[in-house]
Amino acid sequence: YGGGCWAAHGAFHYLRRPAPQPKPLLEEDDDDDDCYTLCMYDLRRLKEKKLIKDVDEFSLSLDLENMLVCVQDDDGDTKYHVHVAGEKPGDDDEDDTDGNDDADCPGPETGIISIGDRV
């Protein structure tokens with residue numbers, strides 16, 4: 001388990017990864033050991049919900065309503081996403097205005113922040 005925080009709606013957010021498994025000495029280590037899954041535990045429903053995979057770290061905003069998530073993509077690049085705390089990205093019922101799923105493009109619809117464009 002990694003660091004944890006309470007959100008405004010009474011759920012606890014934390015980082016979780018599987019317990020390390022013993023491997024033969026000659027087998028190469030994979031890079032997935034350092035990545036966590038961001039989880040939320042709702043104490044009212046007594047239920048855990050997995051929100052985002054391949055998370056390095058996360059931080060909740062001061063009002064406890066939003067979160068900044070540092071994610072590793074398939075290429076090993078670091079990306080930052082902003083999401084509403086406690087909601088799984090892509091769970092909204094709203095349709096894209098152009099009909100395309102732009103989950104990899106920066107913008108307010110996806111929650112992805114382009115740091116390079118801001119620096």
Side-chain angles (χ1 to χ4, degrees):
Y1 291 97
C5 300
W6 287 98
H9 52 82
F12 188 71
H13 294 74
Y14 56 95
L15 296 175
R16 179 178 177 189
R17 69 176 173 192
Q21 301 295 320
K23 297 181 182 180
L25 295 175
L26 298 176
E27 188 174 325
E28 292 184 22
D29 290 337
D30 56 356
D31 294 334
D32 293 339
D33 291 343
D34 294 335
C35 289
Y36 292 86
T37 299
L38 177 62
C39 299
M40 176 197 74
Y41 191 81
D42 188 347
L43 286 174
R44 293 181 202 151
R45 297 185 180 131
L46 300 177
K47 187 174 181 181
E48 179 186 62
K49 182 177 180 183
K50 294 180 182 177
L51 301 177
I52 306 171
K53 293 182 179 180
D54 299 328
V55 174
D56 284 334
E57 59 185 309
F58 78 102
S59 179
L60 288 174
S61 62
L62 292 177
D63 64 359
L64 305 176
E65 296 286 339
N66 299 300
M67 60 184 170
L68 176 68
V69 183
C70 178
V71 180
Q72 293 288 326
D73 65 5
D74 295 336
D75 298 330
D77 296 331
T78 301
K79 291 189 177 183
Y80 292 91
H81 298 235
V82 176
H83 299 287
V84 176
E87 292 185 15
K88 189 172 187 174
D91 267 359
D92 58 353
D93 294 332
E94 299 176 12
D95 294 331
D96 279 341
T97 56
D98 60 359
N100 295 329
D101 183 17
D102 298 328
D104 293 329
C105 298
E109 299 84 21
T110 61
I112 300 173
I113 300 171
S114 176
I115 302 296
D117 292 345
R118 295 178 179 257
V119 176

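Given the structure is predicted, the values throughout are model-derived calculations rather than measurements.
Taking CD of Gln72 as the reference point, atom NZ of Lys79 lies at 11.0 Å (rounded to 0.5 Å). Within the model, atoms CG of Leu51 and OG1 of Thr37 stand 10.0 Å from one another, a figure rounded to the nearest 0.5 Å.
For the pair Met67 and Leu38, the minimum side-chain heavy-atom distance is below 4.5 Å. Annotation: side chain of Tyr80 is not in contact with side chain of Val82 (no heavy-atom distance under 4.5 Å).
Annotation: side-chain contact (heavy atoms from CB on, under 4.5 Å) contacts of Leu64 (sequence neighbours excluded): Ala8, Leu60. Residues that satisfy the salt bridge (charged side-chain N to carboxylate O under 4.0 Å, His left out) test with Arg45, not counting sequence neighbours, are Asp42. Remark: Asp75 pairs with no residue by the side chain to side chain donor-acceptor pair (under 3.5 Å) rule, at least two apart or across chains. Scanning for side-chain contact (heavy atoms from CB on, under 4.5 Å) contacts around Phe12 gives Trp6, Tyr14, with sequence neighbours left out. Not counting sequence neighbours, Leu62 has no partner by the side-chain contact (heavy atoms from CB on, under 4.5 Å) test. Scanning for side chain to side chain donor-acceptor pair (under 3.5 Å) contacts around Ser59 gives an empty result, with sequence neighbours left out.
Both Leu15 and Val71 sit in one connected hydrophobic cluster of ILVMFWY residues. Membership requires side-chain heavy atoms under 4.5 Å apart, directly or through other members.
Residues His13 and Gly86 share a closest heavy-atom pair of NE2-N, 2.9 Å. Of all heavy-atom pairs spanning Ala11 and Met40, the tightest one is CB-CG, 3.5 Å. Taking all atoms of both residues into account, the shortest heavy-atom contact from Leu46 to Leu43 is CD2-O, 3.4 Å.
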Could you walk me through whether Ile52 and His81 satisfy the side chain to side chain contact (heavy atoms under 4.5 Å, CB included) test, starting with their C-alpha distance in whole Å, then the side-chain angles of each, then the deciding distance to 0.1 Å, before giving a yes or no? CA-CA 10 Å; Ile52 306 171; His81 298 235; 5.8 Å; no
